[in-house]
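Everything on this sheet refers to the single structure shown next.
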Amino acid sequence: MPKQTFIYASKVTPSEDTIKLRGWVYRIRKMKDKIFVILRDASGIIQCIGSENQLSSEAWNMLNEAAIENYITVEGKPVEDNRAVNNVEVKLTNFRIMHKGEIFPIAKDQSKEFLLDNTHLFVRSYKATNVWKVKASVLRAAREWFFENDFYETTPPILTGSACEGGSTLFSLKYFDHTAYLSQSIQLYLEALIYSLEKVYAITPSFRAEKMRTKRHVNEFWHIEGEEAFVDFEGNMKIQEELVTYIVQYVLKHNAKEFKELKRDTSVLETIKAPFKKVSYKEAINTLNENGFDLKWDQDMKTEEERALSNIIGEPFFVRDYPSSHKPFYVKLHEDDPKWCFSADLMAPEGFGELITGGQREDVLDTLVRRIKEEGWKVEDYDWYIDLRKYGSVPHSGFGLGAERLTWWLCGLETIQETLPFPRTRNRVYP
RNA sequence: GCCACCAUAGCUCAGUCUGGUGGAGCAAUCGGCUGUUAACCGAUCGGUCGCAAGUUCAAAUCUUGCUGGUGGCGCCA
């Protein structure tokens with residue numbers, strides 16, 4: 001008899017041959033002379049049925065002892081049956097518990113706090129597994145798009161001696177005899193690399209020490225950042241909308257099963273196609289004021305307003321040309337009216353809000369130095385960055401996409417924390 | 001940083017307002033059971049009511065402090 005290997009639950013189809021599966025007990029329902037056990041593996045779940053009169057007494061006894069999350073191996077014949085989960089089930093001829101262990105602590109009733117305390121066990125839950133698969137697709141699709149469009153993947157440092165987004169939200173740590181910081185964005189380093197590779201990207205963790213408690217924030221997230229030489233503000237938005245469209249189409253094609261399990265209605269996602277709608281900041285304020293808000297032209301949009309705008313527009317859209325005072329020193333200003341700047345945020349529909357911030361960078365030496373001073377930063381802290389404008393400075397643009405923000409929206413989840421296996425939040429750095 | 005809220009059995013919660021012998025469901029254990037869909041039925045087991053102090057004849061319950069956690073906001077991806 002040829003050696004049989006284990007197959008995945010999702011690959012099981014009715015056949016005359018006996019198959020072998022391995023995985024964990026997802027559910028088990030016991031009756032007098034038959035037992036239903038749902039086996040879970042990386043691919044999904046499948047129902048197995050064991051009857052007392054078709055199993056050895058050893059196998060039957062083991063089946064009676066089986067409990068949630070035991071590691072098991074099974075053998076049996078796959079048959080069609082419309083009473084089973086996916087209309088196929090395995091009639092067991094053999095059953096073994098490979099590791100019984102203790103009673104699994106996560107059961108039917110779970111509070112958010114309990115799940116976070118047991119995150120290391122919750123990662124194996126069926127829902128979480130589906131999210132990890134979508135997120136893996138997001139990262140893979142992003143890399144594919146960059147590769148297809150001649151971007152080079154680069155590896156900038158995560159440990160850094162200077163701030164990018166401002167001092168108050170930096171995590172600091174001891175670096176030999178100095179203080180170093182965890183990266184908030186590798187943008188400044190990517191700007192250096194365009195002078196070598198022209199079109200670069202990186203996927204790195206970013207850290208923000210913000211003491212916020214919202215469903216949109218985590219203190220450690222994965223940042224998909226791109227930077228391109230010779231690309232202006234408009235061209236940068238084109239890159240972003242094509243990248244996002246590619247990722248959306250990729251997950252729709254490859255993750256239909258996961259979306260179904262997550263009960264995500266994908267009809268909105270199916271309509272998404274570049275180019276995206278673009279509204280100026282001024283227009284956005286006007287639209288909001290027409291819908292019952294009372295905002296001034298230079299007022300910052302708050303979460304409530306952003307969410308309202310996202311629901312009004314109902315598709316992905318850019319808010320472009322922000323007031324300069326709202327954006328950092330590296331953003332290029334409009335030459336004719338420096339009150340406005342070349343910065344745009346890409347918003348997701350359905351009230352999910354910001355996915356990307358991007359824009360054209362200031363490439364003129366004097367203007368950059370002036371802006372750093374105006375914002376109250378020390379010029380010497382940015383010496384190397386300023387240097388980039390001294391030797392063949394070129395117009396360039398870039399953006400930062402939050403992998404978790406995107407996954408959150410694509411999966412239609414309650415909170416962004418659910419897109420990370422071990423989310424780092426204000427009160428959680430363990431496990 | 002600001003504002004709320006929560007802490008009672010392994011888990012989810014009721015009981016707190018109005019002080020007077022700590023409850024239910026799930027899990028676990030035992031038994032029953034018709035192909036179950038987080039099965040169902042019966043029984044058993046299970047508690048320093050987050051910690052500390054105060055008020056009171058009497059505190060899970062009222063007061064104060066502390067600890068841990070959750071939600072929302074500023075900010076942002």
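Chain identifiers are assigned alphabetically (A, B, ...) following the order of the sequence lines, protein sequences preceding nucleic acid strands; residue numbering begins at 1 within each chain.
- Counting non-hydrogen atoms of neighbouring residues, nucleotides and ligands closer than 6.0 angstrom, the CD atom of A/Glu80 reaches no more than 12 such neighbours.
- Dense packing is recorded around NZ of A/Lys257, with more than 12 heavy atoms of other residues, nucleotides or ligands lying under 6.0 Å away.
- B/G54 and B/C62 make up a base pair, with Watson-Crick or G-U wobble contacts both under 3.5 Å.
- Taking the C1' atoms as reference points, B/A9 lies 29 Å from B/A4, given to the whole Å.
- The same atom, P, is picked in B/C45 and in B/G10; the two are 16 Å apart, to the nearest Å.
- For the pair A/Glu304 CD and B/C3 P, the computed distance is 20 Å after rounding to whole Å.
- As rounded to the nearest Å, B/G68 and B/G74 have C1' atoms that lie 25 Å from one another.
- The residue A/Ser206 sits apart from the nucleic acid: no heavy atom pair falls under 4.0 Å.
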Per-nucleotide protein contact string for nucleotides 36-45 of chain B, where B marks a base within reach and S marks sugar-phosphate only (heavy atoms under 4.0 Å, - for neither): BBBB------
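- Looking at heavy-atom distances under 4.0 Å, A/Ile106 makes no contact with the nucleic acid at all.
- Sorted by first then second residue, the side chain to side chain donor-acceptor pair (under 3.5 Å) pairs that include residues 129-140 of chain A, not counting sequence neighbours, are A/Lys135-A/Glu404, A/Ser137-A/Asn255, A/Arg140-A/Glu144, A/Arg140-A/Tyr250.
- Across the P atoms, B/U37 and B/G19 are found 46 Å apart, a figure rounded to whole Å.
- Salt bridge A/Asp41/A/Arg22: absent, no basic N to carboxylate O contact under 4.0 Å.
- Rounded to whole angstrom, the span from the CG atom of A/Asn427 across to the C1' atom of B/G50 amounts to 16 Å.
- As rounded to the nearest Å, B/U36 and B/C40 have P atoms that lie 12 Å from one another.
- B/G68 atom P lies 12 Å from atom CD of A/Glu113, rounded to whole Å.
- Closest to the side chain of A/Lys34, from the set B/G35, B/C11, B/C76, is B/G35.
- Side-chain to base pairing of A/Arg213 with B/G72: no donor and acceptor N or O lie closer than 3.5 Å to each other.
- Across every strand in view, B/U18 sits unpaired, with no contact that passes the Watson-Crick or G-U test at under 3.5 angstrom.
- A/Glu306 comes within 4.0 angstrom of a base, heavy atoms only.
- Going from the P atom of B/A7 to that of B/G46 covers 25 Å, rounded to whole Å.
- Backbone-only contact: A/Leu116 has heavy atoms under 4.0 Å from sugar-phosphate atoms and none from a base.
- Within the 4.0 angstrom heavy-atom criterion, base atoms lie near A/Lys91.
- B/U63 and B/C17 are spaced 15 Å apart, taking the C1' atom of each and rounding to whole Å.
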